[in-house]
Every structure is written in structure tokens, then in C-alpha cells.
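I'd like to ask some things about the structure below.
Note that the structure is predicted; figures quoted are calculated from it, not measured.
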Amino acid sequence: MAASSLRAAAGALRRACGAWSSRLGRRLLCSPPMAGNVQAPAPVGTAREQDRKARSGWQGGARIWEDAEQQAKKLRSSPDGELQRKLPKRKIVLLMAYSGKGYHGMQRNVGSSQFKTIEDDLVSALVRSGCIPENHGEDMRKMSFQRCARTDKGVSAAGQVVSLKVWLIDDILEKINSHLPPHIRILGLKRVTGGFNSKNKCDARTYFYMLPTFAFAHKDHDVQDESYRLSAETLRHVNRLLACYKGTHNFHNFTSQKGPREASARRYVLDMFCEEPFVRDGMEFAVIKVKGQSFMTHQIRKMVGLVVAIVKGYAPESVLERSWGEAKVDVPKAPGLGLVLERVHFEKYNQRFGNDGLHEPLDWSREEAGVTAFKEQHIYPTIISTERHERSMAQWLSTLPVHDFNATAHAAACSDAKVPSPPGDSD
């Protein structure tokens, strides 16, 4: 009888322990989700293990879950945590226009505040508008930032494109532009594929070079001032020379630190021509347009400079073809003031993704009016007023007689040492 009562009491104790363990399991399952990878405690099997864990401060796993809940509440109450939770980063491209006067080019020099660049102002505006966290501004790799082209000191752009990852906040363009100076504008935004890189995916770039037409006045018999007007015959001569650049050539003489046998010195030019001249504020100007796959540092300015030297009569036409050979040729570099990045092209990307139903083509026809307005308001007036007051083209033209277009490499180096740098030159 006593043994039977003992067995009945033991069974009741086991059923009571099982019921308590079941209630604890339901409590754990209904608890809020964990913020980290914390493992749930194993179920309590015996009263002895229960007593030992109670003495050590363990209270049925409640402490672990309470800590996790506090961390989750802290994350949700943080402004950055709220933004990251609601707005995942997306890869986009921005269409930029800027006047480069007063800037040391496009590309940011992290840690150097002495030479201000366009990207310094852009990154500051991105952080202040809430598109990117502050640490992404300090390390641009964190937002996968890439530009289509690096423009030199003083060079402007009407259609620069950069790719990066941002939080797509409301009214994003308006907020970014509110933190930018008037001579830098974001004119458009498009979503792109996650692996998009604006530099690598760019098929070609189109630049234009705006210059006063007296740059083409012949040194012996034409006037060399603002009263000069470009004749139809001279314009045809200019375009015949510019057309010689079309195709693939070795441009090692049109940049620095490139040897004549380096493969990267060979570049493909799709088109180059001079448009009809126009008059602004009593001075005649012309625009030279050039489209190519890619260009090296100073390449376009030297292409323009050599044609100007030939048209003015300082160099023979034969020097053009000779400049593509292995011999060193002293090629003059036109001022950076008139050079503008007009447009970048993504034909291959558009063919693959532009009509897939998920992505939009990188076509900026809807933004064309804004681009034109920016050029008329900021780029053209800056080039014209700077030329009038600083006479950068006129001063550069005065250095052409110093160049020896038949010079050897040694003579060219000596000649470079004699030629003064005109105002606004990227060197």
C-alpha cells in the first residue's frame, strides 16, 4: 500500500514538472524575435537542474529574451536604424551639370582640403540631404561610387553621369540640389542594375570645345582680335584637319607619361568637327565637337591645340600624321576653359536592359531642356566672360611661336620649359 502511494506521488510530480516545462516553452515561442543569433536555452529536464540554474541567476531564459528585446527597441528608436530598416539602398545614376571654374577637376582628393573638387560639394550634399550615411562620404567605396569621366581643372560638364548606392528618400533630387551651389545641378536620376558601373558601362563620351574664332586667324595676314570673323573657307580647312583624327590612332604625343608602344595610348575617335560660328557680346565663337570611346588626360586639348597651330601657320599639316608615330612631337595644349563634357553614351547597356521591363534605358531626352538651360545660364557665360577678362586663349596663342614642331624629344622638353602656363591651365 505504501509503495503504491509512493509511485502515485512520483507520477504526480512528473506531470507537474512536464506542465511547467510546457508553459515555459510556449512563453519562449511567443517572445519577441531576437536581434542577434542568440540560441534559446534547452528545456529543463529535472528539478535538480532547475534548482542549479536558479541559484546561478538563470530565470527560465527570461533574461536573454529581455536583453534581446531591449536591443531591438534601441535599434528601432535610432533615426539611422529606422532609415536603414525602411529604406534599403538602391543603385542609381545621377545626371550632373556643373561649371568647373574655380575647381581642381571632378575627382575628389580625400584628405586634401587645399584643392577643392566637384565631388567634394556633391558628397557633402548627399550626406546633408540624408541619401547616404556620413561614413560613406568619408569612404566613397562604401556607396560604390563611380564617375563616367574625370574632368580636369576648370573643365565643365553638361551631361556627367555618376553611379552610386543611396537611400531613395522622398524628393531626393530637390533635397540634394538644395545643398549644392547654383553652378552644380543634379538634373536627373534613374535606377540601374545592382552591378552597374558608370565608367565601365560607358560606350563613348562626347565633349565640345568652345573657343573664340580669332584662334583660327592666320598669323601673317588676318587680324588677331575680337573683330575677326571666320570665313567659310577657313571653316572647311578646320573641318578637314579635324576629320583626320577619326579612327584609331596612337595618341602618346597627346598626353603625358605614355610611351609610343603602350597599347593604352591607342584611342578610337568616332567623330570630330567644328560647328557654324556664332556671335556673343560682340565676339565670335565656334564649338568643336568630338566623340570617342575614351580620352586620356589633356588629349582633347592637345588635339585642338595642334589643329589651331596648323591653321594659324605655325606648323605644317604633315605634323598631324607624324604625331601618331613613335617619334616625339611637341604638341601644344589649348587652355582648359573651353572644354566641356557634353554627353556620355550607354548603347550596349540600353540594348540589354533598356527594354527588359524591369529597368529604364539611360536616355536623358526628357532632361534635355534642363541641360540646355544650364549651359545657357552657367557654362557659356562663364567661358565668354572669363575669356574677355582673363584672355586665356589670347595669351596661349602668344606662346605658339615658341614651340618647335620639328623638335626631338630633348628639344621638346626644353621648349616646354620655356612656355609659360596661361591662366586657368590644368597644369
Using the ring pair (Phe, Tyr, Trp, His ring centres under 6.0 Å) rule, take Y380 and F285 through it: C-alpha gap first, then chi angles, then the decisive distance, then the call.
-> CA-CA 10 Å; Y380 296 153; F285 288 85; 9.3 Å; no
Cation-pi check, K219 onto Y314 ring (under 6.0 Å, within 45° of axis) |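 The answer is yes; both the distance and angle limits are met.
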Taking C-beta and beyond as the side chain, do I176 and C131 meet within less than 4.5 Å on heavy atoms?
->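 Answer yes - side chains close enough.
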Between the side chains of H345 and T206, is a donor N or O closer than 3.5 angstrom to an acceptor N or O?
->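 Their side chains do contain a donor-acceptor pair, which is all the 3.5 Å distance test asks for.
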May I ask you to check whether Y103 and D120 show a side-chain donor-acceptor distance below 3.5 Å?
->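 The criterion, which ignores hydrogens and geometry beyond distance, is not satisfied for D120 and Y103.
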Polar side-chain atom of S398 near backbone of Q395 as donor-acceptor pair, under 3.5 Å =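 Flag set: sc S398 to bb Q395 pair under 3.5 Å.
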Answer yes or no: is there an ion pair linking R280 with E376, defined by an N-O contact shorter than 4.0 Å?
->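 A salt bridge is present here (some side-chain N lies under 4.0 Å from a carboxylate O).
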Taking only Lys NZ, Arg NE, NH1 and NH2, and the carboxylate oxygens of Asp or Glu, determine whether E347 and K201 approach each other closer than 4.0 Å.
->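 Salt bridge: no.
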K199 side chain near C148 side chain, heavy-atom distance below 4.5 Å |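 K199 does not reach C148 side chain to side chain.
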Is there a side-chain contact between L242 and C274 (heavy atoms, below 4.5 Å)?
->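 They are in side-chain contact.
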Backbone of L180 reached by a side-chain donor or acceptor of R185 within 3.5 Å |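 Checking the backbone N and O of L180 against the side chain of R185, a donor-acceptor pair under 3.5 Å is found.
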Hey, is K116 close enough to D121 for a salt bridge, meaning N to O under 4.0 Å?
->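 Yes.
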Sidechain-backbone polar pair: R322 side chain, F405 backbone, donor-acceptor under 3.5 Å |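 Present.
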Are any non-hydrogen side-chain atoms of F353 and T193 less than 4.5 angstrom apart?
->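 SC-SC contact between F353 and T193 confirmed.
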Distance-only, no hydrogens or angles: does the S156 side chain make a donor-acceptor pair with backbone N or O of I379 under 3.5 Å?
->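 No.
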Any side-chain heavy-atom pair from V311 and T234 closer than 4.5 angstrom?
->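 A side-chain contact under 4.5 Å exists here.
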Y245 side chain vs M303 backbone, donor-acceptor pair below 3.5 Å |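 Yes, Y245 side chain to M303 backbone: donor-acceptor pair under 3.5 Å.
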Side-chain donor/acceptor of N253 to backbone N/O of V329, under 3.5 Å |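 Yes, N253 side chain to V329 backbone: donor-acceptor pair under 3.5 Å.
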Under 3.5 Å: donor-acceptor pair, side chain of T372, backbone of E368 |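 Checking the backbone N and O of E368 against the side chain of T372, a donor-acceptor pair under 3.5 Å is found.
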Mind checking whether L362 and F196 have side chains closer than 4.5 Å, heavy atoms only?
->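 Side chain of L362 against side chain of F196, heavy atoms only: contact under 4.5 Å found.
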Is the closest basic N to carboxylate O distance between E275 and K289 below 4.0 Å?
->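 A salt bridge links E275 with K289.
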Taking atom types as modelled and ignoring hydrogens, do the side chains of S264 and K258 form a donor-acceptor contact shorter than 3.5 angstrom?
->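 Distance-only check passes for S264 and K258.
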Within 45 degrees of the axis of the six-membered ring of W396 and under 6.0 Å from its centre: does K333 put its NZ or CZ there?
->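 K333 over W396 ring: no.
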May I ask you to say whether E342 pairs ionically with R205, meaning some side-chain N is under 4.0 Å from a carboxylate O?
->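 Here E342 does not pair with R205 in a salt bridge, since their nearest N and O are not under 4.0 Å apart.
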Would K91 and S144 count as having a side-chain donor-acceptor pair, cut-off 3.5 Å?
->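 No donor-acceptor contact under 3.5 Å links the two side chains.
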Have E321 and H249 got a donor and an acceptor in their side chains that come within less than 3.5 Å?
->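 Per modelled atom types, E321 and H249 side chains form no pair under 3.5 Å.
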Classify the side-chain pair T117/Q107 by whether it contains a donor and acceptor separated by less than 3.5 Å.
->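 No.
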Strictly by modelled atom types, are R267 and S294 linked by a side-chain donor-acceptor pair under 3.5 Å?
->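 Short answer, yes.
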Modelled atom types, side-chain donor and acceptor of D330 and H403, under 3.5 Å |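 Note: D330 and H403 side chains meet the donor-acceptor criterion.
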Taking the side chain as every heavy atom from C-beta outward, state whether V123 and F145 have any pair of such atoms under 4.5 Å apart.
->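 A side-chain contact under 4.5 Å is absent here.
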